[in-house]
Amino acid sequence: TFATLPAMYGEGLAGLNATYFWNARAHLGVTSYGAFPKWLVRGVELGFQESARKPFGGPFGAVGIDAAYGFGKQDLFVEVARSFDSQPEGGGFGIVARSVTTFETAELEISARHYGTRYANPYARPISAPNELDGLRARDESGLRVRSTLGIARRASLRLLVDGWRELSSGALACSMFVRVDLQISSSVRWAAWAEVRLGGVPRLFAASQLAYRGARQVTLSAQLQHRSSLDAPGARRVQHDIAAISNIAGRPVDFLRLRVRVRYDFEDVVDNQRLVQALWAYTETTFTLREEDRLRLRYDFRVFLDRRESTLLRVPNPEHWLWLEYVFRY
């Protein structure tokens with residue numbers, strides 16, 4: 001159904017950055033780049049699809065100004081960018097402003113953002129919501145995010161995040177909330193639990209817990225359990241429940257040998273086993289450090305699909321066996 005075609009296009013890219021620093025916490029900079037895609041297939045006129053990150057039509061790029069200033073416990077950052085492309089709209093503006101306040105055992109970050117509907121900068125990775133427009137997350141939204149890290153006690157920490165945004169094209173509002181607790185039970189045992197709630201569009205709830213052990217000779221054990229619930233579609237009444245379990249074992253019995261085993265079980269939509277994926281994936285990996293510059297890695301993967309979908313019943317092979325051999329040397 002799908003295939004990757006080689007040597008379809010090439011791209012030339014050039015950029016420039018100039019920054020003046022007054023000190024380590026204050027600077028003013030200018031960054032710009034231009035990208036020039038060229039299709040290598042003759043006899044047909046091609047372009048990127050709407051779902052692709054890169055704009056359709058030809059060359060594109062962006063130019064931006066960024067600044068930072070810090071005093072006492074406060075640091076301020078701001079960046080303004082203008083994108084350019086070959087589409088009739090011709091690009092748009094993106095703005096990010098961020099404030100970071102550092103206390104003795106806590107940190108508070110407040111950030112605001114605005115990305116126009118015509119802003120298309122595929123090489124940018126700024127703060128953005130998970131929604132996309134024409135393959136880009138940092139587009140068609142205005143939002144505010146508050147994030148905090150707190151040291152509750154000597155062995156415990158708390159992380160909080162609240163993010164709200166508005167889609168400019170539709171006017172729809174959405175928000176997400178995240179909380180995580182980390183507890184150092186002992187010098188070698190650590191427990192963590194976190195949850196995320198997203199409202200707007202397709203509401204969903206995600207919760208997970210992890211218990212990890214780190215012993216002698218760099219031996220690490222961890223077990224993680226996840227649960228996610230969401231509606232099938234906007235306005236739907238049926239709630240879909242997904243579960244996942246992950247375990248890891250890693251160690252270095254001798255200095256030149258590193259071992260790792262990972263097992264992951266996924267069951268999407270536990271009520272209906274004929275709709276989505278139920279799979280077990282396990283692999284074992286052995287890495288030999290032959291010299292300080294050389295490394296040999298052997299890896300075996302085992303993957304089996306357990307659901308009752310028609311595509312799974314016809315899948316060949318099932319289970320799958322993969323063997324990887326990798327040799328890395330540095331000079």
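Nothing fancy with the numbering, it's 1 onward along the sequence. Basis for what follows: all heavy atoms, side chains included, without hydrogens, waters or symmetry-related copies.
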To the closest 0.5 Å, what do you measure between [atom1] ([X]) and [atom2] ([Y])?
X	Y	atom1	atom2	result
Leu28	Ile65	CG	CD1	7.0 Å
Ser229	His241	OG	NE2	6.0 Å
Thr312	Gln278	OG1	CD	9.5 Å
Arg214	Leu221	CZ	CG	11.0 Å
Tyr9	Phe48	OH	CZ	4.0 Å
Phe206	Ser176	CZ	OG	13.5 Å

Open item on the list: Under the criterion side-chain hydrogen bond (donor to acceptor under 3.5 Å, both in side chains), I'd like the reasoning laid out for Arg190 against Gln184: C-alpha separation, chi angles, the key distance, then a yes or no.
Closed with: CA-CA 5 Å; Arg190 187 181 187 89; Gln184 192 73 42; 2.5 Å; yes

Smallest separation among heavy atoms of [X] and [Y], with atom names:
X	Y	result
Arg25	Lys73	NH2-C, 4.5 Å
Ala124	Pro126	C-CD, 3.3 Å
Leu136	Pro122	CD2-CA, 3.7 Å
Tyr115	Ser128	CE1-CB, 4.2 Å
Ala279	Val277	CB-CG1, 3.8 Å
Gly10	Leu40	N-CG, 3.9 Å

Task: Short side-chain to backbone donor-acceptor contact, Ser86 and Pro59, under 3.5 Å - done: yes

If you count the non-hydrogen atoms of other residues, nucleotides and ligands that lie under 6.0 Å from [atom1] in [X], is the total more than 12?
X	atom1	value
Arg155	CZ	yes
Trp39	CH2	yes
Arg228	CZ	no
Glu11	CD	yes
Arg125	CZ	yes
Glu293	CD	yes
Tyr327	OH	yes

Task: Worked verdict on Asp242 versus Arg204 for salt bridge (Lys or Arg N to Asp or Glu O under 4.0 Å) - done: CA-CA 11 Å; Asp242 308 332; Arg204 61 183 58 187; over 6 Å; no

TODO: I would like to know whether Val304 and Asn318 meet side chain to side chain contact (heavy atoms under 4.5 Å, CB included); could you show each step before the answer?
DONE: CA-CA 6 Å; Val304 58; Asn318 188 25; 3.7 Å; yes

[X] and [Y]: same hydrophobic cluster, using ILVMFWY side-chain contacts below 4.5 Å?
X	Y	answer
Leu290	Leu259	yes
Val261	Trp324	no
Leu144	Val179	no
Leu173	Val202	no
Phe305	Val316	no

Listing, residues 159-166 side-chain donor-acceptor contacts under 3.5 Å, not counting sequence neighbours, or none:
unit_1	atom_1	unit_2	atom_2	d
Arg159	NH2	Asp182	OD1	3.3
Asp163	OD1	Arg113	NH1	3.1
Asp163	OD1	Arg113	NH2	3.1
Asp163	OD2	Arg113	NH2	3.3

Basic-acidic side-chain contact under 4.0 Å: [X], [Y]:
X	Y	answer
Arg315	Asp307	no
Asp301	Arg299	yes
Arg147	Glu109	yes

Would you call [X] and [Y] a side-chain contact if the rule is heavy atoms closer than 4.5 Å?
X	Y	result
Phe267	Leu306	no
Thr220	Asn248	no
Val263	Leu280	yes
Gln226	Arg264	yes
Leu225	Ile243	no
Tyr123	Leu13	yes
Leu298	Thr284	no
His227	Val270	no

Donor-acceptor list for residues 87-104 side chains, cut-off 3.5 Å, not counting sequence neighbours:
unit_1	atom_1	unit_2	atom_2	d
Ser99	OG	Gln74	NE2	2.4
Thr101	OG1	Gln74	OE1	2.7
Thr101	OG1	Gln74	NE2	3.4

Open item on the list: Tell me if the aromatic rings of His27 and Tyr20 count as close, with their centers under 6.0 Å from one another.
Closed with: no

TODO: Could you walk me through whether Val328 and Glu326 pass the side chain to side chain contact (heavy atoms under 4.5 Å, CB included) test, one step at a time?
DONE: CA-CA 7 Å; Val328 178; Glu326 179 184 73; 4.0 Å; yes

Open item on the list: For Phe256 and Phe288, take the angle between the two ring planes, folded into 0 to 90°, and tell me which bin it lands in: parallel under 30, tilted 30 to 60, perpendicular over 60.
Closed with: parallel

- [ ] Check the pair Leu168, His114 against side chain to side chain contact (heavy atoms under 4.5 Å, CB included), reporting the backbone distance first and the verdict last.
- [x] CA-CA 9 Å; Leu168 303 180; His114 173 83; 3.6 Å; yes

- [ ] Just do the side-chain hydrogen bond (donor to acceptor under 3.5 Å, both in side chains) check on Ser83 and Asp85 with the steps written out, would you?
- [x] CA-CA 7 Å; Ser83 70; Asp85 54 59; 4.8 Å; no

Open item on the list: For Trp322 and Glu320, which I'm curious about, is there any donor-acceptor pair between the side chains at under 3.5 Å?
Closed with: yes

Open item on the list: Is a donor from one side chain sitting under 3.5 angstrom from an acceptor on the other, for Asp140 and Ser169?
Closed with: yes

TODO: Apply the test side chain to side chain contact (heavy atoms under 4.5 Å, CB included) to residues Asp294 and Thr289: give CA-CA distance (whole Å), side-chain angles for both, the deciding distance (0.1 Å), then the verdict.
DONE: CA-CA 6 Å; Asp294 298 350; Thr289 304; over 6 Å; no

